[in-house]
Amino acid sequence: MSIPTVSLNSGFDMPVVGYGTYPLKGHRATDAILAAIESGYRLIDTAASYGNEEAVGAAVRESPVPRSELFVTTKLRGSDQGRGSTRAGLAGSLTRLGLDYVDLYLIHWPLPRVGRFVESYAEMADLQREGLIRSLGVSNFLPEHIAAVVAETGIQPAVDQLQVSPSHARADLVTAVRTTGTVVQAWSPLERNTGVLDDPSVTAIAGRLGVTGAQVVLRWLVQRDITSVPHSSDPDRQRTNADLFGFELTAQDMAAIDALDTGVPVKQDPATWEEF
Ligand SMILES: NC(=O)c1ccc[n+]([C@@H]2O[C@H](COP(=O)([O-])OP(=O)(O)OC[C@H]3O[C@@H](n4cnc5c(N)ncnc54)[C@H](OP(=O)(O)O)[C@@H]3O)[C@@H](O)[C@H]2O)c1
């Protein structure tokens, strides 16, 4: 299975579907990532705060797929934000991963009250120039946070990883981020299987097309030009979750999934959410 890529403003290509590794740790994480790579995933999404970077690094080394064909994303945790500590944060991640560069480095949360995301991003730009980061990105950034880092560095983030799914379509936010040239990547695209996959609108489309509810939801993202990092610990679900390019949703199907948007604000509001 070959997963298509999208061109980033950094000049690098990124798979449109990646493998989310949270909350796996240790051998279970390594085994799941190896199965995901075997299925065709090339993007592995981790974070310093997930406590599984060593397990990701082990999978990268054990996999028969060369490092150069894999795309590893990790994230700067809140406690490492700031001048000097951003460099140390990346160094820690690279050591745990056993890698000499990451493909994409994201600021995990803006933490506007802390007020260090702009200086952190500026330091990431230095680290990119040193070859330790291929593409600079952010996560959970609202347009005003992106505008602030661009004003300081002149570098548009390649990616903004945001909570996007049918119940939280966040269409205005996605449009605002995308019009600046930043690729949107959805986290928790399946809503952690808390109901959307069994919604009658989703199951009706899935039944007609002979695919799973998860494939319908993830294909809806593909057709909205939103990349994603779904997680599954199960090799069969991993495989079907990435098998999105042999079927298409009609305009009516797209409208049916669009109609699931609750309009309810996300609980982890980037303007106020804090985790370190
Ligand atoms: N940037 C951020 O702030 C942030 C925040 C949260 C997450 N993330 C990233 O985004 C990734 C994905 O988000 P997530 O893990 O929160 O949620 P998710 O991908 O929406 O859902 C994962 C859950 O859905 C189940 N699932 C997966 N495929 C399924 C299928 N085909 N049918 C039925 N159930 C299925 C999985 O169970 P099984 O394992 O049993 O299949 C798991 O419980 C994370 O792993 C992480 O890398 C980033």
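Counting starts at 1 for both ligands and their atoms, following the listed order. Residues: numbered from 1 along the sequence shown. Note that the structure is predicted; figures quoted are calculated from it, not measured.
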- Keeping the roles fixed (side chain from Gln128, backbone from Arg134), state whether a donor-acceptor pair exists under 3.5 Å. yes
- Query: Is it the case that more than 12 heavy atoms not belonging to Arg116 sit under 6.0 Å from its CZ atom?
  - Reply: no
- Query: Got the residues with a heavy atom under 4.0 Å of ligand 1, by chain and number?
  - Reply: Gly20, Thr21, Tyr22, Asp45, Tyr50, Lys75, His108, Trp109, Ser139, Asn140, Gln161, Trp187, Ser188, Pro189, Leu190, Glu191, Arg192, Asn193, Leu197, Ala214, Val229, Pro230, His231, Ser232, Ser233, Arg237, Asn241
- Gap between atom OG of Ser165 and atom CG of Leu190 - 0.5 Å precision: 9.0 Å
- Message: Under a 4.0 Å threshold between the charged nitrogen and the carboxylate oxygen, would Asp100 count as salt-bridged to Arg67?
- Response: no
- Query: Are Arg208 and Asp253 close enough for a salt bridge, meaning some N to O gap below 4.0 Å?
  - Reply: yes
- Query: Hey, are Asp160 and Arg178 close enough for a salt bridge, meaning a charged N less than 4.0 Å from a carboxylate O?
  - Reply: no
